[in-house]
Amino acid sequence: SQQGEEDPQALSIQEGENATMNCSYKTSINNLQWYRQNSGRGLVHLILIRSNEREKHSGRLRVTLDTSKKSSSLLITASRAADTASYFCATDALSYNQGGKLIFGQGTELSVKP
Amino acid sequence: TAGITQAPTSQILAAGRSMTLRCTQDMRHNAMYWYRQDLGLGLRLIHYSNTAGTTGKGEVPDGYSVSRANTDDFPLTLASAVPSQTSVYFCASSDVGQGAPGTQYFGPGTRLTVL
């Protein structure tokens, strides 16, 4: 079964607006990562937040983590058409942590309209 | 630096035939992974390897086999392909160990169609 569940499944916004994607997971984790996938391409790592961190920033990205609720959110500020992609959260659940295996959510498909 | 390369880019395969998907990384990462990505199901782990000489089963290993003879290469073999193995296959690698968070680096994928 999937460790990560993402919400919404699809999101359509105008350029300049902020985009928020949420991820929930089931078991305790060491860290949570967000990845981006452009259509027809492989996944690219965006940001990692450790279980003892609550918030992390990287450029226009802001990630929060609430381990008590087993949830994370990814905020993209001032979105651009080039941000159009699918975004996945991934967790390395403590019970699954052999060789750095990750469990991926099903992803949020973001469309940013010019 | 090439990162991770996969071959072929795409393939149409007759059911019952065998095929090996190739994956090579030049980052000297110790761990490598094979995923399949299907619409609505996200990425599912097929097999993984913590280090050269060792492999392990992921979430959906049936019908697939892997080997890890050296650090750089991690081929995935379908011994007798079935239509349900139609998917996009991604190889990934990571540097896993003390202090390493396990960020994974992905190849461009192989689109496989089994008829």
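Computed from a predicted model, the values in this text were never measured in an experiment. By convention in this document, chain letters (A, B, ...) are assigned in the order of the sequence lines, proteins followed by strands, and residues within each chain are numbered from 1.
Counting non-hydrogen atoms of other residues, nucleotides and ligands closer than 6.0 Å to CZ of B:Arg17 gives a total of 12 or fewer. In A:Arg54, the CZ atom is crowded: over 12 heavy atoms of neighbouring residues, nucleotides or ligands sit closer than 6.0 Å. Under a cut-off of 6.0 angstrom, the local environment of CD1 in B:Ile12 is sparse, with at most 12 non-hydrogen atoms contributed by other residues, nucleotides or ligands. The environment of B:Gln11 atom CD is dense: over 12 non-hydrogen atoms of other residues, nucleotides or ligands sit within 6.0 angstrom.
If you measure heavy-atom distances from B:Gln6 to chain A, you find no contacts under 4.5 Å at all. Of the atoms belonging to A:Gln9, not a single heavy atom falls under 4.5 Å from chain B.
Clustering ILVMFWY residues whenever any of their side-chain heavy atoms sit less than 4.5 angstrom apart, transitively, puts B:Ile46 in a cluster other than the one holding B:Tyr48. Both A:Ile76 and A:Val63 belong to a common hydrophobic cluster when Ile, Leu, Val, Met, Phe, Trp and Tyr are linked at side-chain heavy-atom distances under 4.5 angstrom.
Taking CD from A:Gln37 and CD from B:Gln37, the interatomic distance works out to 4.0 Å, rounded to the nearest 0.5 Å. Rounding to the nearest 0.5 angstrom, the gap separating the OH atom in B:Tyr35 from the CG atom in A:Leu43 is 9.0 Å. Atom-to-atom distance recorded for A:Ile103:CD1 and B:Glu59:CD is 7.5 Å, nearest 0.5 angstrom.
Annotation: side chain of B:Thr103 is in contact with side chain of A:Tyr35 (closest heavy-atom distance under 4.5 Å). Within the 4.5 Å cutoff, the side chain of B:Tyr105 has no heavy atoms near those of the A:His45 side chain.
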